[in-house]
There are 2 protein chains.
Amino acid sequence: MPEPRTTSTPSRRPARGITREQIVDAAVAIVEADGVGSLSMRKLATQLGTVPTAIYWHIGGREQLLDAVVERFTDRLVAAQVRGRTPVSRVLSIARHFRDSASEHPNLTEAANERGLNATTFLPLQIALARELTAAGLRGRRASEAMRSIVYVVSGFIVLAYRVPPVAPTRHRSEELWAEIDAAGIDPGLLADLREPADFDAVFEHTLRTLVEALLTTPA
Amino acid sequence: MPEPRTTSTPSRRPARGITREQIVDAAVAIVEADGVGSLSMRKLATQLGTVPTAIYWHIGGREQLLDAVVERFTDRLVAAQVRGRTPVSRVLSIARHFRDSASEHPNLTEAANERGLNATTFLPLQIALARELTAAGLRGRRASEAMRSIVYVVSGFIVLAYRVPPVAPTRHRSEELWAEIDAAGIDPGLLADLREPADFDAVFEHTLRTLVEALLTTPA
DNA sequence: ACCTGAACACCGTTCAAGT
DNA sequence: ACCTGAACACCGTTCAAGT
């Protein structure tokens, strides 16, 4: 197996043939537009006017290619402009920024999750949160517990949300399911609400606000 | 395209050839053991001593097959024995039960998520929660908001957790990443904690407890 | 150092034909 | 009603060979 070029050896090279950068660029475009499933080594090669094996030389295989795609995406997720005056509203602004960035690129989010790269992808989120929690006066274990709670909840919402149109047939949507449930012991008002489609952003907002307020105000 | 047999037409049939049930059984076993990626129509056929096209007659395609696999899994997720005396501890016992069921079958959980069937899979969780929140005195919108918060958070944790061994190379694990971060503005105690691996179950426990307590005690 | 061609071992799916 | 065979249009990856 030939050693693929690493980013750390830029090594001047004549302007002929294909570069690692061009390959990743094209792969990002395909994944962003049509999802991970649409990225094939052969299609990508054809689109670049080359041959699959050339890609192997530069990148090393489909998995490495996907990792490179995710890395490019992660680099574009810049830390948010933190907004708000109270600690709670500042933390919420960070959470919202990441939800928004991810929901603008659902297919890249899916790729990151599929390759197990969530920790990397959400690192900028974590750093911003760490600063904010420190500024809010949280220290040590209290701070790390709060941070991990927020990070997992935000990541969880993001990962649940990336499925742009639901894959499943209509009857599997949550609202439909609630139509046929045994209602014994369930408040009728609650049941009526559950038969309406959920507003994902509203749930995100409500959940995060409740959680962050509790984490920042509960005594240690 | 021939009409695949539906579950609602059991239709007595001689004991020859393969049945839909046998196909789904075998598929569940493969997915459970080796993941969605290892389920191929051809391998499955060979293992059943038949030919791929026979499977198409009974099921209709790979996607329908996966949906059937998930349906089987969902049917096995029985509602929990609810435990505890306070509303908070009872709700937590439900959440834990679902996290445990899912983490015993990470590959089936992945399949459900991949097919966009989370709403179906977590329906028993939702029903149990709806009863418990009603019993705790929550009504109408207040109850539905609390329920959706809990459901999304539990689902999010579950979906984040199913990646049994992290796919990514070692340097992408969260602890490693924190070793190289600009520490300005971050509490040293917090930073030290973040450089240790996270205890997933502890984060789940802490997050859920904080959230559920806040949701059940905050005034409407 | 980089690219090519041929080959291997797979896929999902369709369709006409059999019993 | 159910199964078979052949065929189509794909895959990822390896490897020896070229320049």
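Here is the naming used below: chain letters follow the sequence lines, and residue numbers restart at 1 for every chain.
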Go through C:dC11, C:dT13, D:dC11 for me and flag the one nearest to the B:K43 side chain. C:dC11

Charged N-O contact under 4.0 Å between A:E196 and B:R148: no

Among D:dA6, C:dC3, D:dT13, which is the nearest nucleotide to the side chain of A:Y56? D:dT13

B:E32 to B:R76 - nearest heavy-atom pair and separation: OE2-NH2, 3.6 Å

Separation of C:dC3 P from A:L48 CG (nearest whole Å): 11 Å

Any idea which of C:dA1, D:dC11, C:dG12 is nearest the A:W57 side chain? C:dA1

Between B:R62 and B:D67, is there a side-chain N and carboxylate O pair less than 4.0 Å apart? no

d(CD1, A:I59; C1', D:dG12) in whole Å: 15 Å

Taking C-beta and beyond as the side chain, do A:R96 and A:F204 meet within less than 4.5 Å on heavy atoms? yes

Step by step, would you call B:Q126 with A:I181 a side-chain contact (heavy atoms from CB on, under 4.5 Å)? CA-CA 11 Å; B:Q126 299 192 55; A:I181 287 310; over 6 Å; no

What's the gap between C:dA9 and D:dC10 when it is taken at their P atoms, as a whole Å value? 22 Å

Using the side-chain heavy atoms of A:R42, tell me which of these nucleotides is nearest: D:dC11, C:dC2, C:dG12. D:dC11

Take the protein atom CG of B:L66 and the nucleotide atom C1' of C:dG12, then report the distance between them rounded to whole Å. 12 Å

Can you measure B:M41 atom CE to D:dA7 atom C1' for me and round it to whole angstrom units? 17 Å

In this structure, how many angstroms lie between the C1' atom of C:dC15 and the CD1 atom of B:I55, rounded? 17 Å

Using OP1 and OP2 only, check whether a side-chain N or O of B:H58 sits under 4.0 Å from D:dA1. no

Base-pairing assignment for D:dA1 (Watson-Crick or G-U wobble, both under 3.5 Å): C:dT19

Rounded distance (Å) that lies between atom C1' of D:dC3 and atom CD1 of B:I23: 11 Å

Considering only D:dC3, C:dG12, C:dC15, which nucleotide approaches the side chain of B:S40 most closely? C:dG12

Checking C:dC15, D:dG12, C:dA1 against the side chain of A:R62 (C-beta onward), the nearest is D:dG12

Nearest listed nucleotide, side chain of A:T50, among C:dC3, D:dA1, C:dT4: C:dT4

Under 3.5 Å for both donor-acceptor distances, Watson-Crick or wobble: does C:dG12 have a partner, and if so which one? D:dC8

Identify whether any heavy atom of B:L39 sits under 4.0 Å from a base atom; if not, whether one sits that close to sugar-phosphate; answer base, sugar-phosphate or nothing. sugar-phosphate

Under 4.0 Å, counting only non-hydrogen atoms across every strand here, what does A:L65 touch: a base, just sugar-phosphate, or nothing? nothing

